[in-house]
Amino acid sequence: MQRGGRRPGERAASAEQLRLVAAHAGRGVTAIVAAPTSFEIVNTAYGRAAGDRLVAAMAARLTEELAGHEAAAVRGGATFTIVVAGDAATGDAAVGMIERALERPFEIDGEVIHVGARIGVARMTEDEPAEHLLRRAAEALARARASDGATTRVAAEHEGVPLAALAADLHRAIERGEIDVRFQPQVRLADGVVTGVEALARWQHPRLGVLGAETLLAAAHRADLGVALSDQVQALALARAARWPERLARLRVAVNVTAADMARAPFVERFLARVRESGIGFDRVTAEVTENGLIDDLDGAAVSLAALRAAGCRVALDDFGTGYSSLSYLTRLPLDYLKIDRSLTQTITREARDRVVVEGVIAMAAGLGLESIAEGVESEAQRAALAARGCTMYQGFLCAGPLDNVALVTRLAA
């Protein structure tokens with residue numbers, strides 16, 4: 001496996017990949033981007049050296065599995081970008097091999113490590129450049145990572161629309177009211193009661209249909225509209241929650257807060273004013289912040305989040321376990337909820353060695369007086385295992401996927 005020079009999802013095609021695509025463009029090419037789940041947890045639990053050896057073992061296994069295919073691969077960090085020549089059936093077979101190869105445990109320094117993988121797949125369309133094909137596969141991987149469902153995502157042809165074009169469309173989308181929100185229920189494990197929801201952004205594109213948060217946020221970043229988008233999504237989610245019927249009147253709503261939001265002064269005053277204008281009570285609002293967004297100004301974030309809590313809002317740390325500084329965030333930030341990333345949730349029903357980290361996260365949350373919310377719960381076995389270990393709440397397809405406002409009200413009112 002050859003190392004790539006860009007971060008995952010942005011690597012250029014290697015010379016070998018370009019030659020393969022040029023030679024087989026008329027007969028079929030499949031691009032596959034695969035990344036292990038919980039890789040940073042492996043680094044934390046076993047050390048960076050063990051993580052490097054794990055990546056090398058993954059590369060060796062993938063090379064062996066794909067020996068019977070005409071393929072070219074690039075490795076960037078722990079992400080593998082692979083181009084396979086052949087028709088759709090050949091590409092599907094290669095994807096299956098990669099899934100099975102990464103699902104099997106690895107023995108590293110005497111330790112048995114399960115990683116699993118999220119995989120993005122794209123089929124080459126007529127006259128499609130190699131770089132565009134790889135970009136679509138990388139975007140499919142991003143959707144797989146963001147999904148509570150399938151771990152492998154195949155890019156549709158419309159997902160190849162250049163990001164620059166989507167960024168240009170986004171200016172008009174905000175003005176035309178094409179941005180919408182979905183609400184995913186959060187369920188209390190002790191009694192099965194839905195106590196809150198997370199608001200998730202969606203884009204009702206006039207040509208491409210509904211586009212998810214990953215695509216929407218990427219386009220917003222490209223167009224430098226992240227703050228404007230965040231403002232609109234927060235205001236829309238809070239206003240809808242304020243108008244829910246009496247039976248949903250105590251339901252909490254979690255809205256995402258980005259690093260860019262907090263960097264724009266006066267963040268606290270603006271956020272609290274938006275809550276006040278919506279008509280919803282402060283005590284029903286949770287500001288949900290992803291840990292990666294706080295790295296640049298952790299002290300400033302702590303001050304801002306403490307001010308929100310003083311006003312009555314609550315604070316959740318999202319995607320715990322996927323970044324580099326998780327433990328320091330827990331000790332330095334004023335928090336109410338710790339959200340366990342779906343990549344950790346998936347390990348709860350595996351062998352004891354795999355469960356150690358997620359069990360430790362639940363125990364840390366309890367020890368710090370925080371409620372824990374497990375993301376991506378898909379089975380009754382996962383729900384039961386989390387409840388038995390003291391996890392407080394869950395969200396995921398076992399209860400419901402993201403629902404529009406009407407579906408949420410209808411479902412919960414019933």
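- Here the CG atom belonging to D318 is positioned 8.0 Å from the CG atom belonging to D341, to the nearest 0.5 angstrom.
- The closest donor-acceptor contact from the side chain of Q17 to the backbone of A72 lies under 3.5 Å.
- When only modelled atom types and interatomic distance are considered, Q204 and E178 share no side-chain donor-acceptor pair under 3.5 Å.
- Formation of a donor-acceptor pair under 3.5 Å by the S230 side chain with backbone atoms of G226 is not found in this model.
- Listed by chain and residue number, nothing satisfies the salt bridge (Lys or Arg N to Asp or Glu O under 4.0 Å) test with R284 (two or more places apart in sequence, or in another chain).
- Here the side chains of T286 and V315 are not in contact, with every heavy-atom distance at 4.5 Å or above.
- A side-chain donor-acceptor contact under 3.5 Å links T37 to the backbone of V115.
- The heavy-atom pair separating A242 from S278 by the smallest distance is CB-O, 3.2 Å.
- Identified under the salt bridge (charged side-chain N to carboxylate O under 4.0 Å, His left out) test for residues 401-414, with sequence neighbours left out: none.
- Here salt bridge (charged side-chain N to carboxylate O under 4.0 Å, His left out) pairs that include residues 356-369, with residues two or more places apart or in two chains, are R355-E359, E359-R389.
- Residues meeting the salt bridge (Lys or Arg N to Asp or Glu O under 4.0 Å) test with E380, sequence neighbours left out: R383.
- The distance from atom CG of L386 to atom OG1 of T349, rounded to the nearest 0.5 Å, is 9.0 Å.
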Verify salt bridge (Lys or Arg N to Asp or Glu O under 4.0 Å) between R276 and E269, making sure each step is shown before the conclusion. CA-CA 10 Å; R276 193 178 297 109; E269 292 82 351; over 6 Å; no
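- Looking at every heavy atom in both residues, I340 comes nearest to T345 through O-OG1, 3.7 Å.
- For R19, the side chain to side chain donor-acceptor pair (under 3.5 Å) test picks out no residue, with sequence neighbours left out.
- Nearest heavy atom pair, residue Q184 against residue F397, reads NE2-N, 4.3 Å.
- Evaluation of the side chain to side chain donor-acceptor pair (under 3.5 Å) rule for R309 yields D336 as partners, not counting sequence neighbours.
- Judged as a salt bridge (Lys or Arg N to Asp or Glu O under 4.0 Å), and not counting sequence neighbours, R270 has no contacts.
- Residues satisfying the side-chain contact (heavy atoms from CB on, under 4.5 Å) criterion with L248, sequence neighbours excluded, are W244, P245, L251, V409, L412, A413.
- No donor-acceptor distance shorter than 3.5 angstrom exists from the side chain of S304 to the backbone of V268, with no hydrogens or angles considered.
- Contact between A311 and F282 at its shortest, heavy atoms only, is O-CB, 3.5 Å.
- Residues forming a salt bridge (Lys or Arg N to Asp or Glu O under 4.0 Å) with R252 (at least two apart in sequence, or on another chain): none.
- Under the side chain to side chain donor-acceptor pair (under 3.5 Å) criterion, E99 pairs with T152, sequence neighbours left out.
- Across all their heavy atoms, A85 and T90 have their closest contact at O-CG2, 3.6 Å.
- Annotation: side chain of V74 is not in contact with side chain of L134 (no heavy-atom distance under 4.5 Å).
- A donor-acceptor pair is defined here as one N or O able to donate and one able to accept, closer than 3.5 Å; such a pair exists between the side chain of R136 and the backbone of R123.
- Considering only heavy atoms from C-beta on, R53 stays 4.5 Å or farther from F106 through its side chain.
- Under the 4.5 Å side-chain criterion, counting only non-hydrogen atoms from C-beta, Q234 is not in contact with N256.
- Distance CD1/I119 to CG/L102: 6.0 Å, rounded to 0.5 Å.
- Q395 is listed as a side-chain neighbour of I373, based on a closest heavy-atom distance under 4.5 Å.
- Across every non-hydrogen atom of A155 and A122, the tightest pair is CB-CB, 4.2 Å.
- A donor-acceptor pair under 3.5 Å is absent between the side-chain atoms of E65 and the main chain of R61, judged by distance alone.
- If you take CG on D180 and CG on N405, they are separated by 8.5 Å, rounding to the nearest 0.5 Å.
- The salt bridge (charged side-chain N to carboxylate O under 4.0 Å, His left out) analysis of residues 184-205, with sequence neighbours excluded, yields the pairs R188-D191, E198-K339.
- For the atom pair CG (L54) and CZ (R48), the distance works out to 12.5 Å, reported to the nearest 0.5 Å.
- In this view, D231 and R264, R274 satisfy the side chain to side chain donor-acceptor pair (under 3.5 Å) rule, not counting sequence neighbours.
- Between the CG atom of L272 and the SG atom of C313 there is a distance of 5.5 Å, given to the nearest 0.5 Å.
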